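Fair warning: this is a prediction, and the values are worked out from it, not measured in the lab. Naming convention: chains lettered A, B, ... in sequence-line order (proteins, then strands); numbering from 1 in each chain.
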Protein chains: 2
Amino acid sequence: MPEQNGVEVCEFLCAHESVVAEVRAHMPDEDTLFELAEFYKVFGDSTRIRILTVLCRHEMCVCDLATILSMNQSAISHQLRILKQARLITARREGKQVFYSLADDHVHHLLDTAIEHLAER
Amino acid sequence: MPEQNGVEVCEFLCAHESVVAEVRAHMPDEDTLFELAEFYKVFGDSTRIRILTVLCRHEMCVCDLATILSMNQSAISHQLRILKQARLITARREGKQVFYSLADDHVHHLLDTAIEHLAER
DNA sequence: TAAACATATGAACAATCATTCATATGAAGG
DNA sequence: CCTTCATATGAATGATTGTTCATATGTTTA
């Protein structure tokens, strides 16, 4: 049994009191952790990952994205909106078309390392 | 209008053919991108992020986690299973209790940088 | 071995979310 | 202006998922 200041067994809910207290004191605030989860959630969809991967190579208009990913225009537009709200991509209108690209090098780098990481597995 | 090998307007679905062809040729395969999305999906839930944040500081048994996060034991157990399947955490049984901890330093580092990154915003 | 305790798990439910369909907005060209 | 084309968006739908409840598994102790 690991001892933590002599407290080793459950009290009410089996709490190792001192450890619980210590961890609680150092927890980042709820809002930050929620935001963090929301940020990851955006990456947690294969359509959005595919869009980002494409934009990693080249800026792209909506219908080209739809062609490449074999999905209809509406679905792509909806996902682009989510990516834009998360500030991962930016839009540039040129006549009738709208060209999307990665928001900054940081997103680019984030994607590159993620793909590398997967390749290593 | 940006020109791509002279093709600048939509054909069937407004495709800038050469760019589409070039991007298609360099796309990582679907399975890899799907896996990547699945990986991020695990981080895309605030309960799981909170669990990981706690384990970042200290290994922890299930009921202590439940206490800290003010959730019932079953909910925690379900989420721990998901984190374990994703190889983000490992379990160590000690008598009646099971202690969970981060799988390796890589996960630890990944979390630290993520929280840092959010703080900067 | 029976009881108590910590954890795991299956089923059910509610909530969230991605996609589709229909339609609206906004720009270019006749 | 009216039409055509590219994109955006609201509503509806089907699928996925987090949590809860009830219960099972596995371990210790009386």
Side-chain angles (χ1 to χ4, degrees), chain A residues 1-2 8-16 20 33-34 37-38 40-52 59-86 89-101, chain B residues 1-2 8-16 20 33-34 37-38 40-52 59-86 89-101:
Chain A
M1 269 287 192
E8 60 170 33
V9 198
C10 304
E11 294 261 314
F12 303 96
L13 271 164
C14 150
H16 299 76
V20 169
L33 296 180
F34 184 79
E38 290 302 303
Y40 278 121
K41 201 174 287 180
V42 179
F43 287 93
D45 175 81
S46 58
T47 297
R48 286 192 292 269
I49 284 284
R50 285 160 74 217
I51 291 175
L52 290 172
E59 72 165 2
M60 192 81 38
C61 68
V62 179
C63 56
D64 278 354
L65 275 168
T67 303
I68 292 176
L69 304 186
S70 304
M71 293 181 65
N72 73 44
Q73 174 267 320
S74 179
I76 299 292
S77 268
H78 279 296
Q79 296 306 331
L80 286 171
R81 186 168 46 81
I82 293 171
L83 290 168
K84 200 165 138 195
Q85 280 171 352
I89 62 176
T90 56
R92 169 176 81 79
R93 181 175 272 277
E94 194 165 308
K96 283 181 268 188
Q97 303 182 31
V98 177
F99 287 85
Y100 285 90
S101 52
Chain B
M1 267 285 192
E8 60 170 32
V9 198
C10 303
E11 292 264 313
F12 302 96
L13 271 163
C14 150
H16 299 76
V20 169
L33 296 180
F34 184 80
E38 291 301 304
Y40 279 120
K41 202 173 286 181
V42 178
F43 288 93
D45 174 81
S46 59
T47 298
R48 288 193 290 269
I49 285 284
R50 284 159 76 214
I51 291 175
L52 290 172
E59 73 166 5
M60 192 81 37
C61 68
V62 179
C63 55
D64 278 354
L65 275 169
T67 303
I68 291 175
L69 304 186
S70 305
M71 294 181 65
N72 73 44
Q73 173 266 321
S74 180
I76 299 292
S77 268
H78 280 296
Q79 297 305 333
L80 286 171
R81 186 167 48 78
I82 292 172
L83 291 169
K84 201 167 138 192
Q85 280 171 351
I89 61 175
T90 55
R92 170 177 79 81
R93 183 174 271 278
E94 194 165 307
K96 284 180 271 189
Q97 304 183 30
V98 177
F99 287 85
Y100 285 90
S101 52

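Spacing between atom CD1 of Ile51(B) and atom P of dT7(C) amounts to 13 Å, rounded to whole angstrom units. Going from atom CG of Leu83(A) over to atom P of dA8(D) covers 12 Å, rounded to whole Å. If you take CG of Leu69(A) and P of dA18(C), they are 15 Å apart, rounded to a whole angstrom. The separation between Leu80(A) atom CG and dA18(C) atom P is 13 Å, rounded to whole Å. To the nearest angstrom, C1' of dA27(C) lies 15 Å from CZ of Arg92(A). When rounded to the nearest whole Å, the span between NZ of Lys96(B) and C1' of dT27(D) equals 7 Å. The nearest whole Å value for the distance from the CD atom in Glu94(A) to the P atom in dA27(C) is 14 Å. Whole-Å rounding puts the Gln97(B) CD to dT27(D) C1' distance at 11 Å.
Taking 4.5 Å as the limit, some side-chain heavy atom of Tyr40(A) sits within range of a side-chain heavy atom of Ile49(B). Using a 4.5 Å cut-off on side-chain heavy atoms (C-beta onward), Arg50(B) and Met71(B) make contact.
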Which is it for Leu80(B) and Leu65(B) under the side-chain contact (heavy atoms from CB on, under 4.5 Å) test, yes or no, and what are the steps along the way? CA-CA 10 Å; Leu80(B) 286 171; Leu65(B) 275 169; 4.0 Å; yes

| task | Run the numbers on Arg81(A) and His78(A) for side-chain contact (heavy atoms from CB on, under 4.5 Å), then give the verdict. | result | CA-CA 5 Å; Arg81(A) 186 168 46 81; His78(A) 279 296; 3.4 Å; yes

- From CA spacing to verdict: side-chain contact (heavy atoms from CB on, under 4.5 Å), Ile76(A), Gln73(A): CA-CA 5 Å; Ile76(A) 299 292; Gln73(A) 174 267 320; 5.8 Å; no

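Here the nucleotide nearest the side chain of Arg81(A), chosen from dT7(C), dT9(D), dG26(C), is dT9(D).
For the OP1/OP2 pair of dA6(C) and a distance below 4.0 Å, the side-chain nitrogens and oxygens of Tyr100(B) include no atom meeting the criterion.
Comparing the end axes of the helix from dT1(C)-dA30(D) to dG30(C)-dC1(D), each fitted to five base pairs by superposing C1' atoms of four pairs onto the next four, gives an inter-axis angle of 20° (nearest 10 degrees).
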Whether each nucleotide of nucleotides 16-23 of chain D has a protein heavy atom under 4.0 Å at its base (B), only at its sugar-phosphate (S) or at neither (-) is summarised, 5' to 3', as -SSBBBB-

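Considering CG of Leu52(B) and CG of Leu83(B), their distance stands at 5.0 Å, rounded to 0.5 Å. Separation of atoms CD (Gln97(A)) and CE (Met60(A)) is listed at 11.5 Å; rounding is to 0.5 Å. Interatomic distance, Gln79(A) CD to Ser46(A) OG, rounded to the nearest 0.5 Å: 9.5 Å. A distance of 9.0 Å separates NE2 of His16(B) from CD of Glu59(A), quoted to the nearest 0.5 Å.
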